[in-house]
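Convention: sequence-line order gives letters A, B, ...; per-chain numbering from 1.
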There are 2 protein chains.
Amino acid sequence: MKKEKAKDRIIRTASDLFYRQGFNSTGINQIIAEADIAIGSLYNHFSSKNDLLQAYLVKEEAEWFKGFEDQIKNSNSPKDKMLALIDYRKKLQDESTFAGCHFIKIISELGDSSPVISDFVKSHKEKQKIMIREILTQYGLETKSLDIDSVAEHIFLLIEGAVVTSTIDKNADAFAYIKKIIQGLLP
Amino acid sequence: MKKEKAKDRIIRTASDLFYRQGFNSTGINQIIAEADIAIGSLYNHFSSKNDLLQAYLVKEEAEWFKGFEDQIKNSNSPKDKMLALIDYRKKLQDESTFAGCHFIKIISELGDSSPVISDFVKSHKEKQKIMIREILTQYGLETKSLDIDSVAEHIFLLIEGAVVTSTIDKNADAFAYIKKIIQGLLP
DNA sequence: GTCTATATGGTGATAGAC
DNA sequence: GTCTATCACCATATAGAC
């Protein structure tokens with residue numbers, strides 16, 4: 001196994017700190033200390049702290065979809081895939097001890113002060129919605145009673161609600177609720 | 001009209017800045033400058049920046065429930081009250097140009113670093129849930145088909161999802177969706 | 001590419017005069 | 001109760017040696 005490169009160590013450390021402490025509460029000095037790297041090296045790889053933030057979000061999005069593909073591997077029916085999506089969001093919350101969604105967190109912290117970040121997050125959530133619609137589409141023509149757009153939005157909003165609620169409550173109860181509801185929504 | 005007192009001016013200014021810029025991005029110096037107050041006066045009224053944060057959240061909660069009472073004034077049926085709740089959350093988002101929920105924002109920014117704040121937010125959301133259950137209870141015994149706890153949780157999660165989604169999307173579309181869904185859920 | 005040293009300005013908080 | 005002056009520390013970012 002090759003030694004982890006400086007740049008990777010920086011971004012891994014920064015990601016972890018941004019997520020756990022928040023972006024503004026994480027200083028450059030802490031990042032370089034925990035990554036065991038010099039400040040000059042950091043600014044050699046990243047032009048600014050904001051640049052590092054963008055790299056963090058890009059990485060998280062890639063890992064999000066990769067992790068979901070993993071979760072869904074053994075699901076065949078559209079219904080199983082949708083339930084796997086709920087299990088996946090629940091798993092992410094469990095494993096982080098309910099630290100919340102990376103993307104909701106950063107928007108909550110930065111507001112609209114950085115349009116690049118706002119646009120990225122909006123686009124990320126849009127991708128998730130599209131994914132939900134694609135799963136619903138796999139039901140095929142036989143279930144034309146299914147209003148795909150409406151059901152997709154309903155499911156998406158329930159999941160987002162469950163994620164923020166479980167973050168506040170520090171437990172996964174909300175996921176049990178929405179799993180039951182969504183099972184009822186699907187044929 | 002009496003002149004606004006120093007303490008009130010401090011908390012009003014701080015609240016506005018905490019909400020728009022975030023807590024960590026707002027410095028004491030900015031607060032005293034915009035409130036046109038000396039730093040010694042601020043620390044005379046509040047023992048720390050965290051103390052000011054608590055005062056902000058307490059004030060926001062009081063205003064939240066007061067504003068909701070106002071919104072609901074002309075609603076008689078339980079159904080109208082529930083729809084008024086959705087309109088109220090939508091109105092708060094519209095008026096703040098989708099700046100989001102004060103309580104979700106602060107938890108997203110601080111994580112679990114301040115248990116006093118975490119507990120306060122959790123308790124605030126619990127109060128909202130209880131309120132939803134109370135409205136459902138007003139349907140009375142004749143609609144025993146209504147599983148109050150389940151429907152309350154369903155409605156609550158949809159609203160929370162709509163609030164975070166509208167914050168990210170910077171539009172109120174999600175509220176139109178959940179209003180339709182919730183109308184369908186209620187007798 | 002990585003390092004040390006440093007620049008410049010802001011941070012929350014305190015002391016003590018009036 | 002409000003003020004000014006000041007503390008000790010930390011922020012992000014840059015310069016230049018190796």
Side-chain angles (χ1 to χ4, degrees), chain A residues 2-59 105-106 108-111 113-117, chain B residues 2-59 105-106 108-118:
Chain A
K2 267 176 73 179
K3 216 182 91 187
E4 190 182 17
K5 286 195 182 140
K7 182 168 182 174
D8 293 334
R9 214 160 61 244
I10 294 168
I11 198 165
R12 184 173 52 76
T13 307
S15 297
D16 190 57
L17 291 171
F18 290 165
Y19 186 44
R20 312 225 150 254
Q21 304 185 344
F23 177 69
N24 285 311
S25 300
T26 301
I28 295 285
N29 291 333
Q30 190 183 8
I31 296 171
I32 61 171
E34 297 201 13
D36 198 30
I37 215 81
I39 189 166
S41 298
L42 189 150
Y43 281 96
N44 183 45
H45 291 295
F46 301 95
S47 66
S48 68
K49 194 187 173 190
N50 234 283
D51 191 31
L52 194 43
L53 172 61
Q54 278 177 249
Y56 153 64
L57 292 178
V58 167
K59 193 204 72 174
K105 265 178 79 80
I106 202 69
S108 296
E109 185 168 358
L110 301 187
S113 60
S114 171
V116 177
I117 303 294
Chain B
K2 267 175 72 178
K3 217 182 89 185
E4 191 182 16
K5 284 191 184 147
K7 183 168 181 174
D8 292 334
R9 213 160 62 243
I10 293 168
I11 199 165
R12 184 172 52 77
T13 306
S15 297
D16 189 58
L17 291 171
F18 289 165
Y19 186 44
R20 313 225 148 255
Q21 304 185 344
F23 176 70
N24 284 311
S25 300
T26 301
I28 295 285
N29 291 332
Q30 191 184 7
I31 296 171
I32 61 170
E34 297 202 10
D36 198 30
I37 213 82
I39 189 165
S41 297
L42 189 150
Y43 281 97
N44 182 46
H45 291 295
F46 301 95
S47 66
S48 69
K49 193 187 173 189
N50 233 283
D51 190 32
L52 195 43
L53 172 61
Q54 278 177 248
Y56 152 64
L57 291 178
V58 167
K59 193 204 71 175
K105 265 177 80 80
I106 202 69
S108 295
E109 184 167 358
L110 301 186
D112 230 16
S113 60
S114 171
V116 178
I117 302 294
S118 299

> So what does A:Ser25 touch, heavy atoms closer than 4.0 Å: a base, only the sugar-phosphate, or nothing?
Replying inline: nothing
> Under a 4.0 Å N-O cut-off, is there an ion pair linking B:Asp16 with B:Arg20?
Replying inline: yes
> Starting at CD1 of A:Ile39 and ending at C1' of C:dA7, how long is that distance when rounded to a whole Å?
Replying inline: 12 Å
> When rounded to the nearest 0.5 angstrom, what is the spacing between CG in A:Leu110 and NZ in B:Lys105?
Replying inline: 8.5 Å
>> Tell me which residues in residues 27-35 of chain B lie within less than 4.0 Å of DNA chain C, going by non-hydrogen atoms.
In response: B:Gly27, B:Ile28, B:Asn29
>> Just verifying a value: how many Å separate B:Lys49 NZ and B:Ile28 CD1, rounded to the nearest 0.5 Å?
In response: 6.0 Å
> Once you round it to whole Å, what is the distance between P of C:dG10 and CG of B:Asn24?
Replying inline: 18 Å
> Just how far, in rounded Å, is P of C:dG12 from CG of B:Asn44?
Replying inline: 19 Å
> Which residues satisfy the ring-ring contact (aromatic ring centres under 6.0 Å, His included) test with A:Tyr56, sequence neighbours excluded?
Replying inline: A:Phe18, A:His102
>> Need to verify one output field. Residue with the more 5' nearest nucleotide on DNA chain D, A:Tyr43 or B:His45?
In response: B:His45
> When rounded to the nearest 0.5 angstrom, what is the spacing between CG in A:Leu52 and NE2 in A:His45?
Replying inline: 11.5 Å
>> At a heavy-atom distance below 4.0 Å, which nucleotide of DNA chain D is the first touched by chain B, and which is the last?
In response: D:dG1 to D:dA5
> Within this structure, what is the CD-to-C1' distance between B:Gln21 and C:dG10, rounded to whole angstrom?
Replying inline: 14 Å
>> I need the A:Lys59 NZ to A:Ile11 CD1 distance, nearest 0.5 Å.
In response: 6.0 Å
> Rounded to the nearest 0.5 Å, how far apart are OG of B:Ser25 and CZ of A:Phe23?
Replying inline: 9.0 Å
>> For A:Thr26 and A:Gln21, which I'm curious about, is there any donor-acceptor pair between the side chains at under 3.5 Å?
In response: yes
